Engineer: 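Below: one structure in structure tokens.
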Amino acid sequence: MKKITPPKTEEELLVRAWNIAGLSLGELASQLELPTPQNLLRNKGWIGETLEKALGATASSKPEPDFQLIGVELKTIPIRKNRQPKETTHVCTVPIINTTGMLWENSLVKEKLNRVLWIPIEFDENITLENRKIGAPLLWSPSPSEEAMLKTDWEEFMELIGQGELEQITAHLGEVIQIRPKGANSHALSETIGKNGEVVRSLPRGFYLRTSFTATLINQHYL
DNA sequence: ACCTGATCATCT
DNA sequence: AGATGATCAGGT
């Protein structure tokens, strides 16, 4: 597989993204000399990792932006024929301990979503993984109103967590963000603060963008 | 355990 | 069919 250098500018990244738009995942993998799995059952991150390689992202396992030189995060998003995302988008782990004094302005959610290259990936139950096509890229930053919605949700969540109400948070809460489990499995535990201020163990959680939010931001661009 | 990449499996 | 809670893989 050929080594692809990190893009030095957003323009360079966008040119690369447009160059692979329209290709199928199988074609892209073939260009990279990588095998395409039959399905994603045992390799759920395959699409994202393959696109990272194609665009010159630095190693996917590091806790830094995918395109470190230019501060851009890559998100692939599965899109159905009706232009609705099939899945929510994971943002980051939810801080559930030592959260007092945390502000939206310094939050990981804000930092992560500051600059995102969205790449839609065709999704249809009847199309095999190798035949799913790569869509047109969208380089995005939250608009003032989008950021306001994100901030409102984030502050509501962090207030509940600060009050020891983590266990009361379900995926139903939040207009544009939701909190759901995000761990190795349902037995994974991390520390949080209970109702009486004591340290207790709980499921690790993640922040996810609702599909209604990502659908709007993607489709606004392509209208 | 927690970060990266997300989708799967099940229920409504 | 959409949404929620559970899960897979690999690096740090």
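Since we're looking at a predicted model, the values are computed, not measured. Letters go in sequence order (proteins before strands), and every chain restarts at 1.
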Engineer: Kindly determine whether A:L217 and A:E146 satisfy side chain to side chain contact (heavy atoms under 4.5 Å, CB included), including the steps that lead there.
Structural biologist: CA-CA 9 Å; A:L217 82 86; A:E146 286 167 337; 3.7 Å; yes

Engineer: Remember a base hit wins even if backbone is also touched, and classify A:R180 as base, sugar-phosphate or nothing at under 4.0 Å, heavy atoms.
Structural biologist: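 If one applies the 4.0 Å heavy-atom cut-off, A:R180 turns out to touch a base.
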
Engineer: Just how far, in rounded Å, is P of C:dT7 from CG of A:N185?
Structural biologist: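 My rounded result for the distance is 6 Å.
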
Engineer: How long is the line joining CG of A:L25 and C1' of B:dA6, in whole Å?
Structural biologist: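 After rounding, the reported distance stands at 14 Å.
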
Engineer: Starting from P on B:dC3, measure out to CG on A:L108 and report it in whole angstrom.
Structural biologist: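 After rounding, the reported distance stands at 8 Å.
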
Engineer: Can you tell me the distance, in whole Å, between the CD atom of A:E191 and the P atom of B:dA1?
Structural biologist: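 Interatomic distance, CD of A:E191 to P of B:dA1: 10 Å.
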
Engineer: Report the distance from atom CD of A:E49 to atom P of C:dA9, rounded to the nearest whole Å.
Structural biologist: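 Spelled out: CD on A:E49 to P on C:dA9 is 12 Å.
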
Engineer: Mapping A:T88 and A:R42 to their closest nucleotides on DNA chain C, which lands nearer the 5' end?
Structural biologist: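 Going by which nucleotide is closer to the 5' end, it is A:T88.
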
Engineer: Reckon A:K182 touches a base, only the sugar-phosphate, or nothing at all at heavy-atom distances under 4.0 Å?
Structural biologist: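 A:K182: base contact, heavy atoms under 4.0 Å.
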
Engineer: Rounded to whole angstrom units, what separation is found between the NE2 atom of A:H187 and the P atom of B:dC2?
Structural biologist: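 From A:H187 NE2 to B:dC2 P: 17 Å.
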
Engineer: Here's a test of your reading of the structure: between A:E64 and A:F123, which maps to the more 5' nucleotide of DNA chain B?
Structural biologist: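 Closer to the 5' end of DNA chain B: A:E64.
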
Engineer: Taking CZ from A:R210 and C1' from C:dT4, how many angstroms apart are they, rounded to a whole number?
Structural biologist: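 The answer, rounded to whole Å, is 10 Å.
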
Engineer: If you go through the side-chain atoms of A:Y208, does one of them form a donor-acceptor pair with the base of B:dA6 closer than 3.5 Å?
Structural biologist: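 It does, because a donor-acceptor pair links the side chain of A:Y208 to the base of B:dA6 below 3.5 Å.
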
Engineer: Go nucleotide by nucleotide along DNA chain B from the 5' end; which of A:S61 and A:E87 gets its closest nucleotide reached first?
Structural biologist: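 The 5'-side residue here is A:S61.
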
Engineer: Does a side-chain N or O of A:S186 approach OP1 or OP2 of C:dG5 to a distance below 4.0 Å, or not?
Structural biologist: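 No, no such contact exists.
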
Engineer: Rounded to the nearest 0.5 Å, how far does CD of A:E156 lie from CD1 of A:I179?
Structural biologist: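 Separation between the atoms: 9.5 Å.
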
Engineer: Does a side-chain N or O from A:H172 land closer than 4.0 Å to OP1 or OP2 of C:dA3, or not?
Structural biologist: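 Result: no.
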
Engineer: Contact class for A:E73 (heavy atom, under 4.0 Å): base, sugar-phosphate, or nothing?
Structural biologist: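 The answer is sugar-phosphate, as A:E73 gets under 4.0 Å only of primed atoms, P, OP1 or OP2.
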
Engineer: For A:R205, report the nucleic acid contact type (base, sugar-phosphate, nothing); a contact means any heavy atom under 4.0 Å.
Structural biologist: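 Counting heavy atoms under 4.0 Å across all strands, no contact is made by A:R205.
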
Engineer: Donor-acceptor pair under 3.5 Å: do we get one between A:K62's side chain and the base of C:dT12?
Structural biologist: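 A donor-acceptor contact between them is absent.
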
Engineer: May I ask you to verify if any side-chain N or O of A:T211 is less than 4.0 angstrom from the OP1 or OP2 atom of C:dG2?
Structural biologist: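 No.
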
Engineer: Give A:P204 one of three labels, base, sugar-phosphate or nothing, depending on what nucleic acid heavy atoms sit under 4.0 Å from its own.
Structural biologist: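 Result for A:P204 = nothing.
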
Engineer: Answer yes or no on whether A:R180 is positioned over the face of A:Y208, meaning its NZ or CZ is under 6.0 Å from the six-membered ring centre and within 45° of the axis.
Structural biologist: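 Satisfied, under 6.0 Å and within 45°.
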
Engineer: Can you work out whether A:I169 or A:Q84 has the more 5'-proximal nearest nucleotide on DNA chain C?
Structural biologist: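 That would be A:Q84.
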
Engineer: Establish, with yes or no, whether the OP1 or OP2 oxygen of B:dA6 is under 4.0 angstrom from a side-chain nitrogen or oxygen of A:K86.
Structural biologist: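 For A:K86, the contact criterion (side-chain N or O under 4.0 Å from OP1 or OP2 of B:dA6) is not met.
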
Engineer: Between atom CD in A:Q178 and atom P in C:dG2, what is the gap in whole Å?
Structural biologist: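 It is 15 Å, rounded to the nearest whole Å.
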
Engineer: Distance from A:F157 atom CZ to A:I177 atom CD1, nearest 0.5 Å?
Structural biologist: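 Taking CZ in A:F157 and CD1 in A:I177, the distance rounds to 6.5 Å.
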
Engineer: Considering only side-chain heavy atoms of A:R201, which listed nucleotide, B:dA1, B:dA6, B:dC2, is closest?
Structural biologist: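 Among the listed nucleotides, the one closest to the side chain of A:R201 is B:dA1.
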
Engineer: Look at the side-chain N and O atoms of A:S190 and state whether any lies under 4.0 Å from the OP1 or OP2 oxygen of B:dA1.
Structural biologist: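 So the side chain of A:S190 is outside the cut-off, no N or O lying under 4.0 Å from OP1 or OP2 of B:dA1.
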
Engineer: Got a sec: does the CD of A:Q38 have more than 12 other heavy atoms crowding it under 6.0 Å?
Structural biologist: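 For A:Q38, atom CD is not crowded (no more than 12 foreign heavy atoms under 6.0 Å).
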
Engineer: I would like to know whether A:I4 and A:L32 meet side chain to side chain contact (heavy atoms under 4.5 Å, CB included); could you show each step before the answer?
Structural biologist: CA-CA 10 Å; A:I4 293 163; A:L32 296 170; 3.9 Å; yes

Engineer: Check every strand shown and say whether A:T89 touches a base, only sugar-phosphate, or nothing at a heavy-atom separation below 4.0 Å.
Structural biologist: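 Result for A:T89 = nothing.
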
Engineer: So with a 6.0 Å cut-off around NZ of A:K62, is the heavy-atom count from everything else above 12?
Structural biologist: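 Counting neighbours around NZ of A:K62, 12 or fewer heavy atoms of other residues, nucleotides or ligands fall under 6.0 Å, so no.
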
Engineer: Which part of the nucleic acid does A:G48 contact within heavy-atom distance under 4.0 Å: base, sugar-phosphate only, or nothing?
Structural biologist: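 Since only primed, P, OP1 and OP2 atoms lie under 4.0 Å of A:G48, the category is sugar-phosphate.
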
Engineer: Tell me what A:E52 touches on the nucleic acid: a base, only sugar-phosphate, or nothing, going by heavy atoms under 4.0 Å.
Structural biologist: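 The residue A:E52 makes sugar-phosphate contact but no base contact.
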
